[in-house]
Amino acid sequence: MSNDDSVKSLQDTLTERFGERLPVDASLAGLAELAGIAGHRSYRRFLARPVTPDLLRLLCACALSAPSKSDLQQGDIVIVDDKSVQKTIAAAITDMPWIAAAPVFLVFVANGRRAPAISKLRNKPFPNDHLDLFFNAVVDAAIVLATFIRSAQAVGLGCCPISAIRDHAAMVSELLALPAKVVPVAGLCVGWPAEQRDITARLGLDTTVHRGRFDERDLAAKIDAYDRRREAHRPFARQRDPERWGQAPFYGWSEDKARQYAEPLRADFGAFVRAQGFRLE
Ligand SMILES: Cc1cc2nc3c(=O)[nH]c(=O)nc-3n(C[C@H](O)[C@H](O)[C@H](O)COP(=O)(O)O)c2cc1C
């Protein structure tokens, strides 16, 4: 792609994403990479074409090249190469058939186990068994996940993260033999895309980028504006839980998220994390 093409692609994509045309300096290096990052979308349909083990390993290496808190390297990847395990996980999540169909299924885990193990190996105390151990490991795993997705998309693969595995955290942990202080953060479907996806609009940058100090002035108006912009671009195909909430005359993103979170979700996850040996104090 020429630099001019990258500038146009980047600007067009970000306008679709944020409803704002951003100036881009055409002399910047790396604009094709930025256009790739800006063009992110999740894919849920895949070709039967396999992802070779060499490519998968290459992508894992790129993902694990991500920055890591204190260089502690607490995000790990489990390649679910036993199709019967993938199918068992998929069978528990009936509304996401893309899990069973994905040529590759990965689970990104927070590993709070290795750091205390190293302290023990080196005969040192480990007075850091508290919430921060869990938090750091989850952050590392999430960064590895995001970097994997970016790497996979760079070679033309499509991905879909799956947090729904945490609805079955104990089962997934048992299937993958996750020991104490290792918890699943998200699954990831990976494959060669068999569908065209469009850009998902995001909240305006005036909502999510704060300058100098946190600022949530005019939140209601900004959310309304986002709902309308998103509706014009990709209206919701159906309303969530109409038996409980009725049919809304205008059904925007915020109505959908409010309905989604009107249900208790994963209220037992804290108990699971504690049972896996993390102390959250
Ligand atoms: C941590 C995480 C967990 C997710 N879990 C699921 C999931 O369980 N099932 C699913 O279909 N998509 C899942 N997604 C994908 C989101 O639904 C998707 O990123 C969002 O709708 C925005 O669409 P886009 O990625 O195409 O921009 C997840 C994404 C992230 C980052």
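Both counts, for ligands and for their atoms, begin at 1 and track the order of listing. Fair warning: this is a prediction, and the values are worked out from it, not measured in the lab.
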Near ligand 1, at a heavy-atom separation below 4.0 Å: residues by chain and residue number: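 For ligand 1, the residues that come within the 4.0 Å heavy-atom cutoff are Arg17, His40, Arg41, Ser42, Arg44, Met96, Trp98, Cys160, Pro161, Ile162, Ser163, Ala164, Thr200, Arg202.
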
Among Val107, Val109, Val183, Asn111, side chain to side chain contact (heavy atoms under 4.5 Å, CB included) partner for Leu178: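 Per the side chain to side chain contact (heavy atoms under 4.5 Å, CB included) rule, the option paired with Leu178 is Val109, out of Val107, Val109, Val183, Asn111.
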
Under-4.0 Å salt bridge between Arg266 and Asp167: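 Counted as a salt bridge, because a side-chain N and a carboxylate O are separated by less than 4.0 Å.
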
Arg240 with Asp256: basic N within carboxylate O range, under 4.0 Å: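 Yes, Arg240 and Asp256 are salt-bridged.
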
Would you be so kind as to tabulate the donor-acceptor pairs closer than 3.5 Å made by side chains of residues 200-211, with sequence neighbours excluded?
| residue | atom | partner | partner atom | Å |
| --- | --- | --- | --- | --- |
| Thr200 | OG1 | Arg234 | NH1 | 3.4 |
| Thr200 | OG1 | Arg234 | NH2 | 3.0 |
| Thr208 | OG1 | Gly204 | O | 3.4 |
| His210 | ND1 | Asp215 | N | 3.0 |
| His210 | ND1 | Asp215 | O | 3.4 |

What side-chain donor-acceptor pairs closer than 3.5 Å can you find for residues 168-177, not counting sequence neighbours?
| residue | atom | partner | partner atom | Å |
| --- | --- | --- | --- | --- |
| His168 | NE2 | Ala92 | O | 3.1 |
| Ser173 | OG | Ala169 | O | 2.7 |

Residue pairs, two or more places apart or on separate chains, that pass salt bridge (charged side-chain N to carboxylate O under 4.0 Å, His left out) and touch residues 243-252: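 Passing the test, one end in residues 243-252: Arg244-Glu263.
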
